[in-house]
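Read through the structure below, which is laid out as structure tokens, and then see the notes.
Residue numbering restarts at 1 for every chain, and letters A, B, ... go by the order of the sequence lines.
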Amino acid sequence: MTLIKEIDYGTQAQSATKLVTLEVDGHAVTVPEGTSIMRASMEAGIKIPKLCATDTLNSFGSCRMCLVEVEGRNGTPASCTTPVAPGMKVHTSSDNVRRLRRGVMELYISDHPLDCLTCSANGDCELQDTAGEVGLREVRYGQEGANHLDAPTDGSNPYFDFDASKCIVCSRCVRACEEVQGTFALTIEGRGFASKVAAGMNEPFLTSECVSCGACVQACPTATLMEKSVVELGQPEHSVVTTCAYCGVGCSFKAEMRGDQVVRMVPWKDGKANHGHSCVKGRFAWGYASHPDRILKPMIRDKIDDPWQEVSWDVAIARVASEFKRIQAKAGVDSIGVITSSRCTNEETYLVQKLARAAFGNNNTDTCARVCHSPTGYGLGKTFGTSAGTQNFDSVEQADVMMVIGANPTDGHPVFASRMKKRLREGAKLIVIDPRQIDMVRMPHVEASYHLALRPGTNVAVMTSLAHVIVTENLIDENFVRERCELDAFSDWAAFVAEPRHSPEALEKTTGVPAELVRGAARLYATAGNGAIYYGLGVTEHSQGSTTVMAIANLAMATGNIGREGVGVNPLRGQNNVQGSCDMGSFPHELPGYRHVSGEGVRSIYEHEWGVKLNPEPGLRIPNMFDAAVDGTFLGLYVQGEDILQSDPDTHHVSKGLKAMECVVVHDLFLNETANYAHVFLPGSTFLEKDGTFTNAERRINMVRRVMAPKAGLADWETTMAISNAMGYPMNYQHPSEIMEEIARTTPTFAGVTYARLAKESVQWPCNDANPDGSPIMHVDKFQRGLGHFVITEYVPTDEKIGPRFPLLLTTGRILSQYNVGAQTRRTANVVWHPEDVLEIHPQDAEDRGIHDGDWVRLASRVGDTTLRAVLTERVAPGVVYTTFHHPVTQANVITTEYSDWATNCPEYKVTAVQVSPSNGISQWQEQYQDLTVKSRRIAAVPAK
Amino acid sequence: MSPDKLAYMANQIGKFFVSQKREDGVASIADHITKFWDPRMRRDFLAHLDEVTLDPMVRQAAERLKTPA
Ligand code: SF4
Ligand code: SF4
Ligand code: SF4
Ligand code: FES
């Protein structure tokens with residue numbers, strides 16, 4: 001195993017089709033027009049010394065290290081900023097340029113500490129390498145003169161240091177923050193000798209606008225910006241390419257290791273989803289994997305108020321099997337089920353649903369996607385014919401207008417947000433539809449043309465009024481509709497949306513959005529060229545979630561914004577493997593590949609593969625499982641990698657359901673909130689401890705590679721196999737690749753997927769004979785279902801209504817540094833950015849209630865109440881309050897209600913009528929819950945026999 | 001399961017299909033319930049039709065589910 005070092009070509013690749021041939025030191029090289037001499041030379045295998053250039057950034061030409069001579073031209077141009085020309089003859093190491101480079105290097109080194117042996121970058125420093133390359137042998141100017149050697153180190157960021165004494169002011173960090181990340185947190189302050197890198201308003205990194213993405217650390221050629229983990233552990237000695245286990249962007253990382261110790265995670269330049277960029281979570285927040293809270297031994301207990309007993313794997317698995325069999329014997333085959341995890345790999349998810357269908361003999365399998373993107377499955381299935389985003393991420397580079405609906409990319413999907421911001425800085429336009437002023441509405445060099453700050457719960461009305469404008473102002477792409485869509489359904493839809501009751505003016509009162517903004521946004525989307533829609537859980541988590549997804553699909557079809565680069569309908573998936581867990585048949589009504597269990601054809605494929613008769617009836621969805629538990633017909637549950645108690649709505653109802661079950665098996669890294677109600681705890685493995693694949697929001701199947709042995713002894717797929725074997729249904733895979741072989745054999749969209757192929761390159765499904773190289777863009781010539789289907793989207797207001805008792809609307813979301821229920825990120829230094837959940841409230845609403853910034857407030861809905869601190873902000877409109885759900889102490893889901901999407905039962909997290917009032921501290925319920933948590937996490941000192 | 005909750009869910013489904021012009025609303029509602037509700041939910045729903053308020057098309061769909069063709 002070696003340390004992977006990507007080649008740095010110094011400047012960016014050019015996409016011109018016209019090629020230019022030149023000569024570098026006598027070697028002919030052909031490159032696209034516009035390529036720099038530096039890059040062309042590197043492609044010819046000749047590295048020109050450089051300091052301020054790197055191929056992720058635009059060339060800058062400040063260090064003068066890369067000088068070359070060009071025959072027939074005067075002087076010594078900088079090779080990073082000089083483009084190639086046909087027939088050019090370049091000399092990269094004439095005496096003259098070598099002398100010049102050495103002189104420049106001498107100046108740099110005269111103001112640089114000479115402590116290479118003890119420097120954290122020793123062995124990985126471009127300054128050191130370049131000094132070697134230019135043959136620096138002496139520094140004639142002593143270090144007694146004015147210098148920066150005593151400049152202080154800023155260690156405020158929990159993950160990296162800024163040691164100003166080592167800075168060579170190449171400004172790579174400043175440019176990375178601007179060009180790659182788009183945050184503009186850094187500047188070069190002062191001039192000449194006094195110039196230095198400054199964060200924010202010349203303040204510590206931690207308090208500046210820095211979002212800790214790590215782009216500057218990566219760009220820095222010296223030890224100035226350096227990961228604290230490298231300072232502590234030393235340079236890594238080998239690396240393994242794997243995939244981030246946080247969000248649906250699916251960034252590729254090199255896990256850089258010393259032995260089985262992760263030294264750092266570095267975004268991989270060849271990663272197709274992230275192209276070498278990262279966010280704070282994937283880059284830095286991996287410490288949870290070795291957090292002392294991790295449970296590494298299986299545990300059992302008879303009753304949930306007993307302390308846990310540590311036992312062997314055999315005892316724990318035997319307990320699961322005997323309990324599940326006992327329950328089935330008593331209450332029937334359908335009385336147990338599973339919940340698969342969008343955090344686990346495709347292979348693990350596939351096995352868990354197989355466990356339910358083949359070993360349990362029922363279809364009681366669901367996934368946390370139930371509570372996030374199940375409406376996407378239904379809505380896009382109905383309109384386009386399959387449940388997936390239509391584009392790859394790169395497509396955004398061709399977008400002329402982006403419509404972001406109910407999503408907050410800079411927090412939820414940060415690396416993709418950086419791509420969006422880049423395109424917006426290049427001139428693309430932005431429409432934001434969100435009740436809250438998300439960062440993208442206005443941030444450095446990005447400003448939305450329209451922000452439709454709609455009242456929570458009125459998505460369908462807004463989407464239909466946008467359609468109204470498009471139809472009544474003749475902005476339809478008639479050719480597209482005629483050739484690609486069902487015309488009858490289109491005419492019905494067009495007549496429906498054209499009804500005067502759907503005009504922006506008529507709906508203004510309902511939606512709270514001024515009509516002219518809706519009209520402007522509709523015109524912009526329909527006429528700006530390539531229109532791309534990106535949406536998130538603000539679309540799906542409503543009682544009309546599925547209807548909004550269909551309304552979005554309608555808009556894209558009506559304007560011809562489907563089937564090519566730059567357009568499309570793109571659900572931004574929350575968790576790393578939401579797409580994959582849905583693809584793998586985690587839903588109770590569908591076998592892998594979105595094929596309904598009632599289909600005899602598809603059942604027979606699996607009956608043949610699995611050697612059992614399959615149940616043709618749909619199983620229970622997560623919310624139905626809790627209802628059935630309370631009814632006494634559902635008594636056993638295996639939950640892999642999900643904390644349903646904290647993440648599902650109406651916590652009291654969930655806990656009642658869990659309490660009513662006779663055997664709850666939690667398979668997780670930590671004793672999570674659900675484990676308070678569990679009888680068996682099976683320790684899980686992190687993404688660093690297993691092989692497998694994740695599928696990101698662009699349908700890209702990325703390899704996950706094991707970099708260390710499972711700390712608890714078994715990878716999650718092995719644990720599922722053990723349960724199945726103990727239940728009497730044999731599973732004997734030797735490696736996850738064999739599971740993928742089975743998936744490919746049985747699922748047409750995955751037919752061409754193998755580990756051998758993924759080892760070379762990630763691929764986007766469908767990948768089969770028809771699309772041997774995968775499918776970056778879907779529905780190119782025709783929709784998956786044939787013709788696109790327009791659906792009528794009648795607005796049905798939610799029954800969750802404000803009134804005198806609960807006059808405000810609560811909506812929920814997440815923030816950059818924390819991830820979902822926070823089980824992982826709360827166990828990292830990311831807590832410095834978000835130590836607790838807070839309630840955002842408009843200053844007017846706060847004043848009406850006598851609430852000040854930072855006060856404790858009681859947040860109550862008709863189903864429950866909790867307390868948290870208030871933050872006064874105009875990001876939320878009057879009448880709307882907002883919070884996150886990352887911390888179990890707050891338990892925002894105590895407040896959310898049982899209302900759900902009509903088609904899929906996806907909970908209505910985004911609309912809850914609430915009241916906010918001043919409070920002295922935590923609520924009685926929170927106190928009781930904290931007691932319960934302490935009690936239920938006791939582990940007995942003596943292991944059970 | 002609570003008949004009222006199931007009836008509420010069925011009415012929600014109904015509200016969508018009622019507005020679809022070219023679909024046989026009753027058949028679509030019945031189909032949706034068959035495809036997405038686990039048998040015990042359907043059983044509990046159909047066992048208490050007299051006790052709950054259902055929109056007309058939803059009631060027709062329920063009757064149809066009671067007596068499969
Ligand atoms: S970590 Fe990212 S956001 Fe912070 S200064 Fe560096 S590039 Fe900018
Ligand atoms: S911190 Fe690093 S990247 Fe930034 S200017 Fe200094 S040496 Fe260059
Ligand atoms: S954007 Fe998502 S996938 Fe990429 S590093 Fe951040 S959390 Fe991981
Ligand atoms: S690398 Fe070309 S001027 Fe710095």
**OP:** Search all heavy atoms of B:Thr34 against all heavy atoms of A:Pro618 and return the closest pair with its distance.
**Re:** O-CG, 3.5 Å
Original post:
At what distance, to the nearest 0.5 angstrom, does NZ of B:Lys15 lie from CD of A:Glu794?
Top reply: 11.5 Å
Original post:
Can you tell me how far the CG atom of B:Asp38 sits from the NE2 atom of A:His589, to the nearest 0.5 Å?
Top reply: 13.5 Å
Original post:
Once you round to the nearest 0.5 Å, how far does CG of A:Asp627 lie from CE of B:Met9?
Top reply: 7.5 Å
Subject >> salt bridge (Lys or Arg N to Asp or Glu O under 4.0 Å) between A:Glu617 and B:Arg42, intermediate numbers included >> reply: CA-CA 11 Å; A:Glu617 292 284 0; B:Arg42 301 198 310 256; 2.8 Å; yes
Original post:
Considering only heavy atoms, which portion of A:Asn362 lies under 4.5 Å from any heavy atom of chain B: side chain, backbone, both, or neither?
Top reply: neither
Original post:
Rounded to the nearest 0.5 Å, what separation is found between the CD atom of A:Glu590 and the CZ atom of B:Phe36?
Top reply: 7.0 Å
Subject >> Portion of A:Thr547 that has a non-hydrogen atom of chain B nearer than 4.5 angstrom >> reply: side chain
Original post:
Which atom pair, heavy atoms only, marks the closest approach of B:Gln20 to A:Ile792?
Top reply: NE2-O, 2.7 Å
Subject >> Pairwise side-chain contact, A:Val791 with B:Phe16, heavy-atom cut-off 4.5 Å (strictly under) >> reply: yes
**OP:** Name the region of A:Phe626, side chain, backbone, both or neither, that has any atom closer than 4.5 Å to a heavy atom of chain B.
**Re:** neither
Subject >> A:Asp334, part contacting chain B, at a heavy-atom distance under 4.5 Å >> reply: both
Original post:
When you measure from the side chain of B:Arg40 to the backbone N and O of A:Leu620, does any donor-acceptor pair fall under 3.5 Å?
Top reply: no
Subject >> Residue A:Ser546 versus chain B: region with a heavy atom under 4.5 Å >> reply: neither
Original post:
Using a cut-off of under 4.5 Å for heavy-atom pairs, which of A:Asn624, A:Val796, A:Asp901 has the most such pairs with chain B?
Top reply: A:Asn624
Original post:
Could you give the distance from OG1 (A:Thr904) to NE2 (B:His32), rounded to the nearest 0.5 Å?
Top reply: 8.0 Å
Subject >> More than 12 heavy atoms of other groups within 6.0 Å of A:Lys656 NZ >> reply: no
**OP:** Could you tell me whether A:Lys801 atom NZ has more than 12 heavy atoms of other residues or ligands within 6.0 Å of it?
**Re:** yes
Subject >> Region of A:Met550 that comes under 4.5 Å of a non-hydrogen atom in chain B >> reply: side chain
Original post:
Got a sec: does the CD of A:Glu600 have more than 12 other heavy atoms crowding it under 6.0 Å?
Top reply: no
**OP:** Name the region of B:Asp44, side chain, backbone, both or neither, that has any atom closer than 4.5 Å to a heavy atom of chain A.
**Re:** side chain
**OP:** State whether the side chain of A:Asp631 and the backbone N or O of B:Met1 hold a donor-acceptor pair below 3.5 Å, judged by distance alone.
**Re:** yes
Original post:
Would you say A:Glu898's side chain and B:Lys5's backbone share a donor-acceptor pair under 3.5 angstrom?
Top reply: no
Subject >> Gap separating the CD atom of B:Gln12 from the CG atom of A:Asp799, nearest 0.5 angstrom >> reply: 7.5 Å
Original post:
Which answer fits A:Phe634, side chain, backbone, both or neither, if we ask what part of it has an atom under 4.5 Å from a heavy atom of chain B?
Top reply: both
Original post:
Are the ring centres of B:Tyr8 and A:Trp902 closer than 6.0 Å?
Top reply: no
